[in-house]
Amino acid sequence: MPELPDVEAFRHYLHSRVLRQRIESVDVAAPGLIMGGDPKTLLRALRGAVLLSTHRHGKYLFLEIDRGGWLLLHFGMTGYPVVDANKQRPSDRARLRIRFANGHSFSYFDPRKLGRIGIVDDVAEFIRSRNLGPDVLSVTEDLFKERLKKKATGAKAALMDQHVLAGIGNVYADEILFQARLSPLARLSGVKSPTWRTLYRATRKVLSRAIEVRANPMSLPRTYLLHHRERNGRCPRCGRSLQTMKVGGRTTYYCPRDQRKAA
DNA sequence: AGGACGCCCTGTTCGC
DNA sequence: TGCGAACAGGGCGTCC
């Protein structure tokens, strides 16, 4: 499920594979995924154009179009990009396919159709209009604290709120809280400085480490909680049974012994 | 106002 | 063994 590290891996992949090539044709197989709902806008913006650069904000990926505007990609829960998909898998399952004049292609797959694609004039304006928080990897410790402490909800709900900080989803929120030894329900409003430092550092460490391994969980240490998100999963630190609960409708794994509720 | 919840969507897993 | 139910969750709309 694409969170910040996954989207950063997608960005890196597309940055090296789809820039500076003339777009020959665009095929929108799933119009329902288009933001604003009009495939014509997408076709008009992309046909004959060239992609110039990439940008990521939270879980959103943007590809700059030479004639102006940006192609926006959001991957929902099951989305992913593939270059030259027709050589490896049935391309007719792609929700969006872009063919380049040089024979290469870009496909956007999303089995569950929870992602979104669209054209935006300006990235900063899009972020403002959606009221998205700053990208979580771009903030200082002070800003991190300032944004999060305003939330009256539990720590996990606050970390996952894209309006507070953009980029953290369900799996990495659990991981960060596990490594910071904080309960998903801990209130952040009254947290003291050392705990803020711990939480900030855990956030940066987890996300940057995941980016280093191109968001492939198999390459992350076995001591990470994310390997143990399963029925009867055990805490990699103390070996006790992990507990689950729902936070904002999402399944939350935590160790009741190692993750204290209060800060 | 802001937090909790339902819905979208479909492939996979679960349980009887 | 088979099949329907439950589950997975990012983001948004609705309701309280």
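Note that these values count all heavy atoms, side chains included, but never hydrogens, waters or copies made by symmetry. Chain identifiers are assigned alphabetically (A, B, ...) following the order of the sequence lines, protein sequences preceding nucleic acid strands; residue numbering begins at 1 within each chain.
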- Query: For A/K156 and A/T252, does a side-chain donor sit closer than 3.5 Å to a side-chain acceptor?
  - Reply: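 Their side chains do contain a donor-acceptor pair, which is all the 3.5 Å distance test asks for.
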- Just checking, is any N or O donor in the side chain of A/N102 or A/H104 under 3.5 Å from an acceptor N or O on the other one? no
- Taking NZ, NE, NH1 and NH2 as the nitrogens, is one of them in A/K59 or A/D6 under 4.0 Å from a carboxylate oxygen of the other?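 Salt bridge: no.
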[X] has an atom [atom1]; how far is it from atom [atom2] of [N], in whole Å?
| X | N | atom1 | atom2 | value |
| --- | --- | --- | --- | --- |
| A/M77 | B/dC8 | CE | P | 16 Å |
| A/L33 | C/dG11 | CG | C1' | 13 Å |
| A/M35 | C/dG13 | CE | P | 11 Å |
| A/F126 | C/dG11 | CZ | P | 10 Å |
| A/D174 | C/dA8 | CG | C1' | 14 Å |

- Task: Please state whether the base of C/dG10 and the side chain of A/R112 form at least one donor-acceptor pair under 3.5 Å?
- Result: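 No, no donor-acceptor pair under 3.5 Å.
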Report yes if a side-chain nitrogen or oxygen of [X] is closer than 4.0 Å to either non-bridging phosphate oxygen (OP1 or OP2) of [N]; otherwise report no.
| X | N | value |
| --- | --- | --- |
| A/T251 | C/dA8 | yes |
| A/K156 | B/dG3 | no |
| A/H74 | C/dG10 | no |

- Query: How about A/F178 and A/Y254: are their ring centres within less than 6.0 Å of each other?
  - Reply: no
- So what does A/K246 hit on the nucleic acid, given a heavy-atom distance under 4.0 Å: a base, only sugar-phosphate, or nothing? sugar-phosphate
